[in-house]
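Here is how names work: the chains are called A, B, and so on, in the same order as the sequence lines, proteins then strands, and each is numbered from 1. Note that the coordinates shown come from a computational prediction; the quantities given were computed from them, not determined experimentally.
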Amino acid sequence: MTKHELPKAYDFKSTEPRVYALWETGGYFKPWNDPNKKGFDPNVKPFVISIPPPNVTGELHLGHAMFVSMEDLMIRYHRMKGFSTLWVPGSDHAGIATQLMVERHLLKTEEVTREELGREEFIKRTWDWKKKYGSMITNQIRRLGASCDWDRERFTLDDGLSRAVREAFVRLYEKGLIYRGPRLINWSPGLKTAVSDLEVEYSEEEATLYYFKYMLADDGKGESATRPYIPVATIRPETILGDTAVAVHPDDERYKKYIGKTVIVPILGREIPVIADEYVSMEFGTGALKITPGHDPNDYAIAQRHNLPIISVLDEAARINENGGPYQGQDRFEARKNLWADMKKAGLVIKEEKYLTTIPRSQRGGEIVEPMISTQWFVKIEPLAEAALAAVKDGRIKIVPERFEKVYYNWLENIKDWCISRQLWWGHRIPVWYCEKNHMTVAREDPTECSTCHSKNIHQDEDVLDTWFSSGLWPFSTLGWPDETPDYKYFYPTSYMETGYDILFFWVARMIMSGLEYTGQVPFHTVYLHGLIRDEHGQKMSKTKGNVIDPLTVMDDFGTDALRFTLLVGSTPGNDMNLSVKKVEANRNFANKIWNAGRFVISAIDSLDTSAKQKTQNATEWTLADSWIWARMEQLIRDVERLFQTFQYGEAGRQIYEFFWSDFADWYVEIAKEQMKNDNMKEQTVITLTRILDMSLRLLHPFTPFVTEELWGHLRQAILDSQISGIAQDWPDVVIMARWPEPHESEGSDESILTDFALIQDIVRSIRNLRAEKSVAPSRRIAAIFAAGEKTSRLQSQKQIIASLAGLDESHLRMEESLSSKPNDSIALVIGTVEIYIPLAGMVDLANEKSRLEKELKETEAQIERLEKLLSSDFANKAPASVVGKEREKLAAFKETAEKLKSQLDR
RNA sequence: GGGCGCAUAGCUCAGUUGGUUAGAGCGCUUCUCUUACACAGAAGAGGUCAGGGGUUCGAGUCCCUUUGCGCCCACCA
């Protein structure tokens with residue numbers, strides 16, 4: 001007899017790397033119907049997820065842990081369901097983030113700036129850096145158990161993906177959907193690049209609102225001291241230098257008379273017109289608005305309407321440029337101070353006041369972003385947005401949870417052209433070349449001459465593309481597009497796009513737009529959005545607050561399964577979750593529970609011997625407990641399936657947890673211990689234990705892959721080494737490849753088994769409760785007499801089980817249909833229709849028994865009253881018959897209980 | 001300004017076709033080192049489901065509204 005000894009506690013530290021290696025070397029992460037191999041069958045449905053590519057510079061945080069857990073769950077589930085399942089991994093070059101990190105690194109280690117190194121050398125260094133550290137993040141993702149096909153790993157700057165980027169750019173250009181020109185864009189002075197609207201974050205801050213006088217130009221009449229002026233307010237006085245008009249509302253009585261006249265720009269002395277525009281609000285501020293078209297989007301729009309000149313006053317570092325007169329060369333904030341001081345001296349200042357406003361800041365650098373006129377590349381987004389809008393509206397793409405569809409619509413309906421050029425070095429360089437005559441050559445392959453004048457003297461555009469331009473192609477570029485590769489043909493479109501709602505616009509919407517534009521298909525049919533992870537009190541995690549939970553530390557302390565289970569079960573679609581280490585600890589305990597239940601089952605298998613095997617030939621039929629645990633398992637499989645289909649993964653996990661811990665471990669395993677004492681039930685029971693564990697491990701596997709795989713291996717070995725007939729055949733090598741459980745029976749077929757078992761549980765609990773209340777020593781076996789009415793035979797069959805679970809003395813346990821006389825000196829319990837007498841005379845004080853019974857009677861009568869009232873109301877006529885029937889049954893049961901309690905009191 | 005989410009036990013949260021005695025984990029009280037597990041087992045205490053109104057035979061669940069907290073979009077100088 002082989003014995004399989006397992007350690008008392010689940011050792012995740014030694015298990016996880018070993019199990020991961022087992023999977024990876026076993027090739028289980030590969031789609032079994034891999035089109036690159038032989039045996040490709042297009043009739044088999046693929047299931048595909050493209051990983052949201054983490055930044056190569058990234059270090060694992062809980063956001064990664066969240067999406068990996070979620071996607072791995074989806075992937076493992078579908079793999080077990082028999083889909084040809086592919087999860088494409090990879091990483092993103094993350095233009096700004098990576099460039100900043102490498103710059104910082106070079107400054108620290110070599111004390112050189114990127115400008116000193118030059119573009120070519122800097123890019124080379126960044127590649128070196130990527131080669132050295134780029135695998136860090138993917139290795140951390142492996143630690144989470146991600147079952148990606150690593151042979152298909154991609155990087156956004158790979159040759160293939162770069163080719164896809166070029167193809168996309170050129171196609172858009174040829175269609176006239178890409179253009180270049182000077183526009184007002186968001187400029188990040190710290191990073192010295194343009195950024196898109198999405199990369200600007202607005203924060204509410206206290207600023208100063210500066211009020212000053214725009215003096216009317218001297219028309220020759222009045223003295224300068226009494227000359228009229230228009231009061232104007234601004235929070236950015238330095239932009240006065242770029243003013244090209246003052247606007248007032250056409251109906252404003254105060255200023256009407258000045259319309260068409262000119263005012264004088266302070267210090268600079270330029271004359272600018274006073275114009276009328278309905279945009280100006282008469283109620284707000286002074287009712288007059290200074291117009292700086294070069295540095296404000298609204299002013300820019302007004303300037304367009306009125307044909308005003310546009311003056312830029314800032315350079316790329318946000319210093320005042322040559323248009324700023326005496327302030328040239330000064331930083332924007334310095335110039336603000338100086339100009340204001342000078343205006344004060346000139347008597348042009350009215351007042352300053354504190355003002356709460358929203359300040360635009362760079363998402364990356366955090367510094368204040370300046371709207372500036374700059375020549376950039378743009379995507380004409382409207383046609384793309386319309387297609388993307390339609391795809392969700394007509395249901396080709398479904399967003400979970402649904403409410404985000406509205407958010408998505410709203411964004412796309414109000415979208416503005418996308419600024420795609422960045423003044424960075426790390427990224428996809430714009431595939432456009434210029435000759436000395438400034439002809440443009442836009443090409444898929446690097447050209448050698450100008451396509452217009454054939455000049456050989458050409459140079460490529462200095463800018464690179466927004467990182468999200470290449471990420472937008474991710475679902476198909478990773479599969480080989482623009483080539484019609486086998487992967488692309490078979491796996492595209494992908495299935496689910498799972499990611500955080502925070503990148504719905506950045507990424508998801510852009511993938512949909514580009515997917516439709518370039519491939520003519522939706523890139524995925526379902527978008528599942530998860531929430532953000534906050535600390536245990538709902539605060540955003542941040543280094544400054546010191547409340548950051550590091551997933552690597554958590555995994556070190558409690559294991560990957562514990563972290564995964566916590567994230568999966570603690571979250572609902574689209575809602576943020578609060579994470580605490582306490583929760584992870586609780587789930588570490590769950591992993592340990594699984595382990596130990598498994599140990600028990602394995603030891604039970606080991607304990608079988610040949611003699612037991614022979615006895616099985618005339619095995620008894622299934623016990624109530626066996627039928628019950630199977631009925632519960634069936635119910636669970638059905639519920640989990642329904643929940644998975646509706647993306648309620650958390651609820652599914654909770655139900656599996658509940659089943660495994662309460663039903664299986666707490667009840668069935670305890671009963672099994674009793675059943676196994678009977679030789680004729682032993683093998684039967686071990687088989688049930690094994691099968692339920694088997695099914696449980698399958699259901700748990702997508703949530704807690706490591707402990708289930710490890711246990712599966714041990715269980716499998718124990719079964720192969722055992723004498724159990726039949727069960728060993730078709731036992732899959734690994735649970736990752738095992739088939740997902742399917743329900744066998746229709747719903748509701750096990751009703752009576754479930755109610756009968758519930759009665760047993762009630763009885764056991766009531767007796768335990770009584771023992772605890774009366775302080776009966778736990779080791780003490782006590783006698784009991786049951787008057788069980790119609791339940792007598794059922795309970796009779798469970799005598800041994802009830803006795804052992806409730807601590808009764810089986811030899812002094814009587815079960816009758818009814819008793820001719822009620823036993824004296826005993827405590828009576830009434831559970832439904834069953835009366836139980838426990839002779840505890842002499843052991844405990846029976847004095848307050850009467851009040852206990854009275855209390856129970858009172859509660860029962862309250863229920864009777866409630867139900868009678870209910871059933872005499874409209875409820876009886878209007879509610880469905882089945883619902884009414886259930887309530888009638890309850891009422892009858894309560895009435896019987898009340899009768900029994902009354903007769904106890906009368907005794 | 002527009003939109004969305006949340007408010008359920010001391011804490012953190014489940015509760016998705018409305019079904020009538022509202023659940024879990026942690027924490028708390030009492031007991032038990034019973035041969036799978038003390039990372040455990042058993043028994044228990046604890047909630048007018050934010051307030052108000054409505055629909056319905058029936059509301060934590062649907063509708064309206066108030067309050068508080070959070071988020072997104074827009075950006076009136």
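Nucleotide B/G47: unpaired (no Watson-Crick or G-U wobble partner with both distances less than 3.5 Å). Under the Watson-Crick and G-U wobble criteria, each requiring two contacts below 3.5 Å, nucleotide B/C39 is left unpaired. Under the Watson-Crick or G-U wobble criterion, with both distances below 3.5 Å, B/C76 is left unpaired in every strand shown. With both pairing distances under 3.5 Å, B/G60 is matched to nothing as a Watson-Crick or G-U wobble pair. B/C69 is paired with B/G5 under the criterion used here, namely a Watson-Crick or G-U wobble arrangement in which both key atom distances are under 3.5 Å. Nucleotide B/G23 forms a Watson-Crick or G-U wobble pair with B/C13, both donor-acceptor distances falling under 3.5 Å.
For A/R403 and B/C4, the CZ to P distance is 11 Å, given to the nearest whole Å. Rounded to whole Å, the distance from CD on A/E856 to P on B/U21 is 18 Å. Taking atom CG of residue A/L504 and atom C1' of nucleotide B/G5, one finds them 15 Å apart after rounding to whole Å. Remark: C1' of B/U56 and CG of A/L870 are 14 Å apart, rounded to the nearest angstrom. Taking atom CE on A/M541 and atom C1' on B/U12, their separation rounds to 13 Å, with Å as the unit. For the pair A/D502 CG and B/C4 C1', the interatomic distance rounds to 15 Å; values are reported in whole Å. At whole-Å resolution of the value, CD in A/E402 and P in B/G5 are 12 Å apart. Atom CZ of A/R866 is separated from atom P of B/G19 by 15 Å (rounded to the nearest Å).
Separation of the P atoms belonging to B/U61 and B/G53 is 14 Å when rounded to the nearest angstrom. Comparing B/C75 with B/G52, their P atoms sit 41 Å apart, to the nearest whole Å. For the P atom pair drawn from B/A59 and B/A14, the interatomic distance equals 24 Å after rounding to whole Å. Here, B/C76 and B/G68 have their P atoms 26 Å apart, quoted to the whole Å. Separation of the C1' atoms belonging to B/C63 and B/G18 is 13 Å when rounded to the nearest angstrom. Rounded to whole Å, the separation between the C1' atoms of B/A9 and B/C4 comes to 28 Å. Separation of the P atoms belonging to B/G5 and B/C62 is 11 Å when rounded to the nearest angstrom. Comparing the P positions of B/U12 and B/G54 gives a spacing of 33 Å, expressed to the nearest Å.
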Quiz prompt | Intermediate values then yes/no, side chain to side chain donor-acceptor pair (under 3.5 Å), A/R632 and A/Q635 | solution = CA-CA 5 Å; A/R632 283 285 300 122; A/Q635 216 175 29; 2.6 Å; yes
Exercise. Kindly indicate, with the supporting measurements, whether the criterion side chain to side chain donor-acceptor pair (under 3.5 Å) is fulfilled by A/Y501 and A/D576.
Key: CA-CA 10 Å; A/Y501 65 75; A/D576 295 350; 2.8 Å; yes
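Along RNA chain B, the nucleotide nearest to A/M577 and the one nearest to A/F894 differ in position, and the one closer to the 5' end is contacted by A/M577. Where A/S873 and A/K406 meet RNA chain B, the nucleotide closest to each residue was compared, and A/K406 sits on the side nearer the 5' end.
Between A/W595 and A/Y10, the ring planes lie tilted relative to each other; the angle falls in the 30° to 60° range. Classified by interplanar angle (parallel below 30°, tilted 30° to 60°, perpendicular above 60°), the ring pair A/F660/A/F664 is tilted.
In this structure, the separation between CG on A/N587 and OG1 on A/T566 is 3.5 Å, given to the nearest 0.5 Å.
Within the 4.0 angstrom heavy-atom criterion, only backbone atoms of the sugar-phosphate kind lie near A/R765; the bases stay farther away. Counting any heavy atom pair closer than 4.0 Å across all strands shown, A/W667 reaches no nucleic acid atom. At a threshold of 4.0 angstrom between heavy atoms, the contacts of A/Q648 include nucleobase atoms, whether or not backbone atoms are also involved. Base contact: A/P880 has a heavy atom under 4.0 Å from a base atom. Among the atoms of the strands shown, none is found under 4.0 Å from any heavy atom of A/S779.
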Exercise. Could you run through nucleotides 72-77 of chain B and give me one letter per nucleotide, 5' to 3': B if any protein heavy atom sits under 4.0 Å from the base, S if only the sugar-phosphate is that close, - if neither?
Key: -S-BBB
Self-check item: B/S/- contact track for nucleotides 24-37 of chain B, protein heavy atom under 4.0 Å
Solution: -SS---------BB
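Residues that satisfy the side chain to side chain donor-acceptor pair (under 3.5 Å) test with A/T685, not counting sequence neighbours, are A/Q675. The side chain to side chain donor-acceptor pair (under 3.5 Å) search around A/T572 returns A/N575, not counting sequence neighbours. Applying the side-chain contact (heavy atoms from CB on, under 4.5 Å) criterion to A/E205, with sequence neighbours excluded, gives A/S203, A/I359, A/R361.
Taking both residues in full, the closest heavy atoms of A/L715 and A/L697 are given as CD2-CD1, 4.2 Å, listed atom of the first, atom of the second, then distance.
Applying the 3.5 Å distance criterion, the base of B/C39 shares a donor-acceptor pair with the side chain of A/R588.
A/F659 has its ring centre no less than 6.0 Å from the ring centre of A/Y657.
With a 4.5 Å cut-off on side-chain heavy atoms, A/E859 and A/Q863 do not count as touching.
At B/G23, none of the side-chain N or O atoms of A/R654 fall inside 4.0 Å of OP1 or OP2 (strictly under the cut-off).
Annotation: salt bridge (charged side-chain N to carboxylate O under 4.0 Å, His left out) contacts involving residues 401-417 of chain A, sequence neighbours excluded, comprise A/K393-A/E413.
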